[in-house]
Amino acid sequence: MGALEVKELSKSFDGREILKDISLHVEEGEFVTILGPSGSGKSTLFQLIGGLLNPDHGAISLDDDNITGKRGFISYMPQQPALLPWRTVLDNVILGQELHGTKDKVKAKEMIQKAGLGGYEQAFPEELSGGMKQRVAFIRALLSPQSLICLDEPFSALDDFTRQEMHEWLLSIWSQYKRTILFVTHNIDEALFLSDRILVFSSNPAQIANEFVIPFSRPRKQELLLTEEFLKWKRKISSTIVQNGLGGESDE
Amino acid sequence: MGALEVKELSKSFDGREILKDISLHVEEGEFVTILGPSGSGKSTLFQLIGGLLNPDHGAISLDDDNITGKRGFISYMPQQPALLPWRTVLDNVILGQELHGTKDKVKAKEMIQKAGLGGYEQAFPEELSGGMKQRVAFIRALLSPQSLICLDEPFSALDDFTRQEMHEWLLSIWSQYKRTILFVTHNIDEALFLSDRILVFSSNPAQIANEFVIPFSRPRKQELLLTEEFLKWKRKISSTIVQNGLGGESDE
Amino acid sequence: EDSKSKNEDGLTEVTMVLDWTPNTNHTGLYVAQEKGYFKDEGLEVEIMMPGETGADQLVAAGRADFGISAQEAITEARVQDVPIVSIGAIIQHNTSGFASPVEKNITSPKDFEGKTYGGWGAPVEEAVISSLMEGENADINKLDIVNMGNTDFFTAVKRDIDFAWIYYAWTGIEAEIRGDDLNMMYLTDFSDQLDYYTPVISTNESMINKNPDTVKAFMAAVTKGYQFAIENPDEAADILVKAVPDLDAELVKKSQQWLATRYQDDAPRWGEQKEEIWENYMNWMFDRDLLEEKIDVKKAFTNEFLPKQGE
Amino acid sequence: MVKLLGTLWRKGWRPALVLLLLLTIWQVTVKVADVPTWLLPAPSVIVLEGWSNFGNFTHHLQSTIGLALTGFVIGCSVGLLVAILLHLLPGVREAVYPLLILSQNVPIIVLAPLLVIWFGFGVLPKIIIITLVCFFPITIAALGGFKNTPPEMKHYMLMAGANKLQLFSKLEWPNSLPALFSGLKIAATYSVMGAVISEWLGAKQGIGVYMTLASSSFRTDRVFVAIFIVMILSLLFFGVITLFEKLLIKGRRKGD
Amino acid sequence: MVKLLGTLWRKGWRPALVLLLLLTIWQVTVKVADVPTWLLPAPSVIVLEGWSNFGNFTHHLQSTIGLALTGFVIGCSVGLLVAILLHLLPGVREAVYPLLILSQNVPIIVLAPLLVIWFGFGVLPKIIIITLVCFFPITIAALGGFKNTPPEMKHYMLMAGANKLQLFSKLEWPNSLPALFSGLKIAATYSVMGAVISEWLGAKQGIGVYMTLASSSFRTDRVFVAIFIVMILSLLFFGVITLFEKLLIKGRRKGD
Ligand SMILES: Nc1ncnc2c1ncn2[C@@H]1O[C@H](COP(=O)(O)OP(=O)(O)OP(=O)(O)O)[C@@H](O)[C@H]1O
Ligand SMILES: Nc1ncnc2c1ncn2[C@@H]1O[C@H](COP(=O)(O)OP(=O)(O)OP(=O)(O)O)[C@@H](O)[C@H]1O
Ligand SMILES: [Mg+2]
Ligand SMILES: [Mg+2]
């Protein structure tokens, strides 16, 4: 469940090509990360997969069903938490389920607890810090019923301290539930720590410049980040990015 | 110019103590970073220094002048870019100067160019990506006339690719202008790469748990991040954080 | 024969719409209501205020069965094919006229020169004033005519306005009560042509055609009501005040006394209208370009529904 | 409840003081300049008249309140319905919205007599007037609220597979509540004025009738009693809506 | 300019079509049911009357436009001034704002005679009425706009050392412009209505006078001509303000 196939996807805005011939696939239960600079079109890709936008060319299929332009087939966590301010944490968290008919408050409470938000079930978003909000949004995505979860830089607003905790926690949850995850980030550490596979985006227009299969064994622990092996991989990916001339002019 | 002295600062909100007996000083021309988890009170500290809040106890002085509760003595870059949507990039960037009477459009244009935003001088904020907005906000802070710049997680919304570029750029500017900088982040890499000195915040209530003087020579280049020496320092700081039991429960 | 529906008490329901707020012009209606004259005639009458709408359109549209109107309005309405008909004059002679505080020293139309008249902007006002002034060789161009809208007489003459057109029975009496002395020039003092009927009771043509008996019954009761008011002004005033307690009792009482003799006046019976009066005033209006065309005055009024004398 | 009274007191004492000051100035001016009552009655005269005459007044009051409430409820329902329809049918909105705004330029007072001619003297034309007066602020407020939904939230809902109905009921509707309540507050005060105006079109009782009667029998003091009552009534309506708002709107930061 | 016309056409053809449809229904109904003209004139009759009589009409039109414009300008200036004062003096705002809202419940038409007493029959009381009608939406809109400043921007400005005046002129004022323009649009249409109503209080010419005369001489067709003119005039005012808005407000995403 949750195998994603993207074929030769292209998308332009106002004549400017943002995505060009993007082909990628994510296998069932795989954790794939797209690493790309800001403005390269990562969120646009998610909007295409989520059916919010229609591609100019190409097709998207999930478990062999064509879902191009169809909504509701993926679970989603946006860049901004987008919590509903009039709902408590608990009610926000079950929103994804609610949209598809089933509510499981017990499980929701459990997950809230696990995310380190125990006691905040009845709090409103305005009472939370930016980081806490992001975590709530993440739990909401995890609780949604779809098999593929698209995470759009979910931890970019968290501090590195908590982010690291969340990484471990995410991996532990993921090992339990084995959902397919497509992750977007611009943080190399994050990508390396979490993924089975990393796709590096070039920009203007975005194409897939490189692909890395990450061999670290699971379960992964925080200490991994501080090993020589990790640093070696980081150098490797960084050099690709420098080679490709990414980074610098990406926004001009 | 720009030596900051904070003495035994305490602040509570609604009876909850956020900052407790914070004493720190930043020397003229020094680059000091405060490293702390989300919600620990970093922004609150800045609001106290900026005179937006009044401390319950303690005093703040800049170049031996007491500025406790006084505004306009520091240059500031907030967590959210807070650009004025009706002003072009150029007009936004000179806002800090404008408030103190002097406008230097030529220099502003030059800096916009250097920040990789050349050609966007007449663009409105809504036309920029999140990352670009943050960069504009940063230039605005740099162009303000005050000698002490307080940066509140200015790069947290940037992707690591661009962030790295900005780090180098920031350091090059700083070496030219030698302004005093107080920087807030939760990113260990960032803190290590930029700072002369790092203060680690504990939380509930925030106190200064550790202080590290960073010995890397300047000018620093990106490659530094991928060296053994850097990794060693990262391990050292990480372990302090783990020892202090920071990170995990910080938000509960 | 009548097509009007009857209610559960076997009474025919009709509505009567006033021309303004209730006042002593309407006493007969309230007496007929209070004394049960309407009920005796098999009618259940509802008396309404028209508000801004104006009674005539309501009566014409059949939203009300009867209304209070005035000869000039009915004449104008008939020109536009608005089907309303006057079925009884409430007051025989025109009791309206131009009033001013004595201090203003306006005693004849000649004195209008250099003064300010406050009206409601109708062309008929200028026509009437100019005909009065012509009679004394005064120049209408030397009069400033100002539209004072809804402003009341007493307020208006405190500011800018020197004289205005009032019904003596109400505004004039109020002045007496206040002890303000007025110079009053009745229209009837100047020209027979201006002695038109105001106010009158009106109905629409469809009532006349379809429910003549209801109209007859209504006028019978109303006649008795006014007869009573003529004979017992004080008691009639009490009835009006009782029906409309928000009116000023003193004003009603005094006004009633003043009006008692003027309802029927010199007419053979209350409510009777003469064709020549209709004809005269219509001609007067036509001559002064106040009407686009002449009307058939026989269709504009009728005495047919007034009770026969001694009936 | 105690907290509410506390808030009322904290927010209310200043305006109350200013009001008292204004009334005092008025009273003193009238007394000193010896302005006759029929021209401009002193506040004391007005209060006295209102007090001593309150018995005669209650049926007028009841009638107006009934009218205003009915009109308000119908007007708001219609307004909401229109807003929801227009929101869910963007094509219709584009066609009808400008006309709606245009319709607000028809002076109600001009329309009113025509309404009476067309619909008679009953309650109907009056309700229509109040409805016309009430529905517009509601429609505008609700439409604005619906449209003002933060794009990132709408984004999330759509990506998560919300259909149009869910998007509306779970996001746009609750998001519009604060705007809607501002609309309701405006409509509530309008409804009282609308009721008074509608009574000028012919009614047997009501504050509008009382006002007209008072005015035509030169009782300026009573006209002012009516004005005061209208103001108090509007204030009450406003207060009730605010109370509902406090109870219903959660989790949103209030303005300072 | 061409672009503007394009927008107008793109946004306008749907409402225009619906309007045409409504007019047609009206026309046919009146003709089929044989409704007499004095009760409800057919649109064709109204247009014809308006057309053939336009010459007699221009001086009324001029007078009303002049009145509306003057009142609008004064009303908006006063409204803005009040809003700025109340915003800069929070203590005063708390004391006066509730009273301002309260004042809106005084029916203007009731106030009118008093205005005449105090200011006579000239232009002054009319201007005052239009001012009263215009100033409120402006004040409310401006105050709302000032208050709605995003806290992070306010934050930045204060930290950067902006004084109260700078905070206002560089942040709160430009931030309030969109809200202000909504207020201006409302005030613009109100001003036309206000002018017509003020003319009922006594004027020698103007659309209000024309309307009253038409009504009292049973020329319902002319009443409708006046209503149409009022609507067109309001629309024009609205359009002019919208044009200014387009020219003045930059860098902000428009609604979809
Ligand atoms: N609806 C739109 N209309 C026009 N241009 C758009 C639209 N959405 C995105 N773009 C442009 O497409 C490009 C890619 O945007 P996108 O948001 O996908 O980038 P991203 O990789 O998610 O960046 P970030 O890391 O900053 O979120 C940007 O240059 C943006 O300006
Ligand atoms: N005005 C306020 N009233 C009450 N509590 C506040 C206020 N401002 C901040 N706090 C609380 O103080 C604590 C510290 O907040 P602060 O914004 O300073 O944290 P931070 O370190 O900047 O976090 P982050 O990295 O998420 O920005 C938080 O728990 C917050 O809820
Ligand atoms: Mg993105
Ligand atoms: Mg912060």
Side-chain angles (χ1 to χ4, degrees), chain A residues 43-53 62 67 69-101 122-128 133 136-138 140-146 148-152 154, chain D residues 3 7 80 83-84 87-88 90 138 141-185 241-256:
Chain A
S43 297
T44 306
L45 178 65
F46 273 11
Q47 286 173 28
L48 287 164
I49 296 174
L52 212 57
L53 294 173
L62 185 72
I67 58 159
K70 290 189 196 157
R71 291 177 195 153
F73 285 91
I74 60 156
S75 168
Y76 174 67
M77 174 174 175
Q79 253 176 307
Q80 283 160 306
L83 303 177
L84 308 190
W86 51 87
R87 284 182 172 230
T88 60
V89 165
L90 183 61
D91 288 341
N92 259 298
V93 144
I94 57 171
L95 182 63
Q97 298 187 326
E98 226 180 276
L99 294 178
H100 297 88
Q122 298 307 323
F124 287 101
E126 62 152 356
E127 301 169 45
L128 307 179
K133 279 185 211 164
V136 173
F138 178 52
R140 179 176 61 183
L142 273 177
L143 283 171
S144 296
Q146 299 90 343
L148 174 69
I149 307 183
C150 291
L151 305 177
D152 190 350
Chain D
K3 204 175 130 207
T7 316
L80 255 179
I84 294 175
H87 178 69
L88 295 182
I138 296 287
L143 267 179
F146 296 154
K147 217 171 145 186
N148 235 332
T149 312
E152 72 270 14
M153 294 186 192
K154 204 167 154 186
H155 228 125
Y156 168 75
M157 292 294 282
L158 288 172
M159 290 281 270
N163 56 34
K164 236 182 164 181
L165 196 75
Q166 287 175 323
L167 189 72
F168 180 74
S169 66
K170 291 190 197 296
L171 179 60
E172 291 167 332
W173 169 255
N175 183 68
S176 73
L177 282 184
L180 195 62
F181 267 102
S182 342
L184 280 176
K185 282 182 211 164
I241 305 284
T242 310
L243 202 72
F244 273 109
E245 187 183 15
K246 284 250 161 28
L247 292 175
L248 259 164
I249 295 195
K250 286 176 205 133
R252 260 173 280 203
R253 195 158 286 152
K254 290 104 208 153
D256 58 327

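Atom set for the values below is all heavy atoms of this structure, side chains included, hydrogens, waters and symmetry mates excluded. On a predicted model such as this, the values are computed, not experimentally measured, just so you know. Chain letters run A, B, ... following the sequence lines, proteins first, then strands; residues in each count from 1.
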Practice problem: Search all heavy atoms of D/E172 against all heavy atoms of D/F146 and return the closest pair with its distance. | Solution: O-CD2, 3.6 Å
Self-check item: Option that, when pairs with chain A are counted at under 4.5 Å, heavy atom only, ranks first among D/M153, D/M159, D/K170
Solution: D/M159
Quiz prompt | Closest contact, heavy atoms only, A/L128 versus A/A123 | solution = CD2-CB, 4.4 Å
Quiz item: If only atom types and distance count, is the side chain of D/Q166 paired as donor or acceptor with the main-chain N or O of A/L99 below 3.5 Å?
Solution: yes
Self-check item: Nearest heavy-atom neighbours spanning A/I49 and A/C150
Solution: CG2-SG, 4.3 Å
Exercise. Examine whether an atom of A/Q146 lies under 4.5 Å from a heavy atom of chain D, and if so say whether it belongs to the side chain, the backbone or both; otherwise answer neither.
Key: side chain
Practice problem: Please look at A/S144 and chain D and tell me whether the side chain, the backbone, both or neither of the residue comes under 4.5 angstrom of a heavy atom of that chain. | Solution: side chain
Practice problem: Flag the one option from A/R87, A/M77, A/R71 with the top tally of heavy-atom pairs under 4.5 Å to chain D. | Solution: A/R71
